[in-house]
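Data first, discussion second: the structure below is written as structure tokens.
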Amino acid sequence: MYNFDKVAKFQNSLKWHVNDSELPMTLGDMDFEVAPEIITELHKRIENKNFGYEYIPYEYYVSVAKWYKEMHNCTLDISWMSFSQGVVATLSAIITNLMNEDSVITVLTPGFDKFKKVGEEKQKVLVSELIYDKEKRNYDINWLDLEDKLKKTNLFVLCNPHSPVGKIWSQKDLEKILKLSLKYDFKIFSDEIHGEITFDKKYTPLFSLDEKLLKNTIIAVSPSKAFNIAGIQTATIITPNKELKEQVDNAIKSFHLNEANSLAVPATIAAYTEGKDWLEELKDYLRENRNFIERFLEHNVPDVKPSLNEASYFLWLDISSLNVDAQELTEFIRKKTGLILIAGDKFDGNGKQFLRMNIATSTDLIEDALRRLQRAIVLFKRKDDDLMNLILNK
Ligand SMILES: Cc1ncc(COP(=O)(O)O)c(C=O)c1O
């Protein structure tokens, strides 16, 4: 039994860099203590008392391959893997090294904002907006629009599962994208950082599909989200095509991302070899949080409706019935109650009708957040009514 009720705040936490009375449910890290199995290995490394330059041992890659065999029942060839310090930094290095000024990048929205941001630094970015089914609270790809854009694309940035909406792409969807990449000859960068936190549906790692379809793919995985070690900076980049892997490795090296800090290797190996039980308990805890939030909102704040959320510890909350932009509402909620949520505007697409809530915290804080949210929505609606009365009485 692990203790997820304890909130482990740390010095210089970016998320908790707020006023004392404020409650941030924002950035993509968790409030939980890291698995003791990982901490033990980190203590051992620190006890070496020498933090010189490191190479990446073979054992690192074996631990990644074994994890995917055991947890996802797929074979991952060790020769396909490269170490890198992070997913976004690797994407940036790949764009700089593999694209040129005429290249076109395509992303799906609403989607993780940094894809577009990194792409727009030098290239043209096309956006294909996901279709939202309000009844089913589910997103899908607009295939006609996407294919039209992919015809002109050099790099498609995929997020599998898709953040922040928590959508797990089906094998059929993924195969369709891979076939399009062969047809129109564009590369795919697939960010699979949220693949370990899934609930009722299984995620399909892109590299587990038919190798013949993987000629243009670069896949990024990392234990950083699932094991709360984002600050340790570790990721594995998987490139099945040998020629493309050489280019990817050169890109990673050009940004010096192949150099691991002293904690990255022991943390990754410990997560992948000893982290399974902790992760299973974490997912149970997150599932409880999610169910609790859904019940609470349904009964007390029906204007805020959770959507899909098949994966990740973000809840994507539909506020469309309130007729307000998410940015305005988050500012109101923060000002009135101190609860800080992320406005979906940041992720484009139909994001301005959504709030992103990070639920990877203690159930006590979830309860606190829900009470604040309930109060804020009551106040917000009252404000609306007051305004209406003012207009009607004029
Ligand atoms: C979809 C997605 N990709 C990447 C990252 C960041 O990964 P890294 O720290 O390895 O760049 C995040 C962090 O929130 C994320 O949500």
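Numbers here simply count residues along the sequence, with the first being 1. In listed order, ligands and their atoms are each counted from 1.
Residues satisfying the side chain to side chain donor-acceptor pair (under 3.5 Å) criterion with E331, sequence neighbours excluded, are Q327. In this structure W67 satisfies the side chain to side chain donor-acceptor pair (under 3.5 Å) test together with E196, sequence neighbours excluded. By the ring-ring contact (aromatic ring centres under 6.0 Å, His included) test, Y61 pairs with no residue at all, sequence neighbours left out.
Side-chain atoms of S21 and N19 include no donor-acceptor pair closer than 3.5 Å.
Although no hydrogens or angles enter the test, the distance criterion places a donor-acceptor pair under 3.5 Å between the side chain of N228 and the main chain of M30.
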Under 3.5 Å, N/O to N/O: give me all the pairs between ligand 1 and the protein, one per line with atom names and distance.
unit_1, atom_1, unit_2, atom_2, d
ligand 1, 3 (N), D191, OD2, 2.4
ligand 1, 10 (O), V87, N, 2.8
ligand 1, 11 (O), V87, N, 3.4
ligand 1, 11 (O), V88, N, 3.0
ligand 1, 14 (O), K225, NZ, 2.8
ligand 1, 16 (O), H194, NE2, 3.0

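Under the 30°/60° scheme for interplanar angles, the aromatic rings of F4 and W278 are found to be tilted.
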